[in-house]
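Read through the structure below, which is laid out as structure tokens, and then see the notes.
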Amino acid sequence: MPLQERLAAWLRAGPDRTKPRSASLAAALGVAAMVLILCSELWPASGGSRTGDGASSGQTAASYRAGLEQQLAGLIAQVEGAGETTVMVTLESGEERIYATDTQTGTEQSRQTHVLLEDGTALEETTYLPTVCGVAVVCDGGGDVGVEARITALVSALLDVPANRICVEQRSH
């Protein structure tokens, strides 16, 4: 007898042959699901932590800038003719956080309050990373007009920075 037929026969046959096993199985699965939901509410999620202050959450503006500089330097160094590369990025400001608000309106006035979490911190709705103002690239091939144009186009495309805010210069030896 194939496995599928044996499984169907087992589900149809109950312990007292009056109640099908599928009903017992469905009830057991329902109870197991409720226990798992209860357990997820009792124990806090591990790994991630909710943060409310700018210093401990995500990246700081300095680490964001350093990461951009490092990634750009590695990428530009792979451009044909660029050679050894150093990159400096300037940022317009730090990251901006937008917090969720709750608006209560009455007949004559309305009031907005921040949505707070259980631990008393405000609920972050959106975080905007700092805007790049300008990029300076110093590389071995910076004196070549073709290399300079390729690097400028690359940086402009990656960071959405206009070409007049990108400076590519020859490295002094």
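Note: hydrogens, waters and symmetry copies are ignored here, and every other heavy atom, side chains too, is used.
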To the nearest 0.5 Å, tell me how far [X] [atom1] sits from [Y] [atom2].
{"X": "Leu72", "Y": "Thr85", "atom1": "CG", "atom2": "OG1", "value": "10.0 Å"}
{"X": "Cys139", "Y": "Glu148", "atom1": "SG", "atom2": "CD", "value": "8.5 Å"}
{"X": "Glu80", "Y": "Asp144", "atom1": "CD", "atom2": "CG", "value": "10.0 Å"}
{"X": "Tyr64", "Y": "Leu129", "atom1": "OH", "atom2": "CG", "value": "4.5 Å"}

Handout entry: Working for side chain to side chain contact (heavy atoms under 4.5 Å, CB included), residues Val135 and Cys167
Key = CA-CA 6 Å; Val135 179; Cys167 181; over 6 Å; no
Problem - Closest heavy-atom pair and its distance - Ser156, Ile166 - result: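 It is N-CD1, 3.5 Å.
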Handout entry: Single-linkage hydrophobic cluster, 4.5 Å side-chain cutoff, Val138 and Val147 together
Key = no
Handout entry: For Arg65, side-chain hydrogen bond (donor to acceptor under 3.5 Å, both in side chains) partners two or more places apart
Key =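 Expected list: Glu69.
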Fill in the blank from the handout: Across all chains, not counting sequence neighbours, the side-chain contact (heavy atoms from CB on, under 4.5 Å) partners of Thr90 are Met88, Cys133
Problem - Reference residue Leu154; test side chain to side chain contact (heavy atoms under 4.5 Å, CB included); the match among Leu159, Val137, Ile76 - result: Ile76
Handout entry: Set of salt bridge (charged side-chain N to carboxylate O under 4.0 Å, His left out) partners for Arg171, sequence neighbours left out
Key =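 With sequence neighbours excluded, Arg171 shows a salt bridge (charged side-chain N to carboxylate O under 4.0 Å, His left out) to Asp140, given in chain and number order.
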Problem - More than 12 heavy atoms of other groups within 6.0 Å of Arg150 CZ - result: yes
Problem - Validation row: Val155, Val168 side chains within 4.5 angstrom (heavy atoms) - result: no
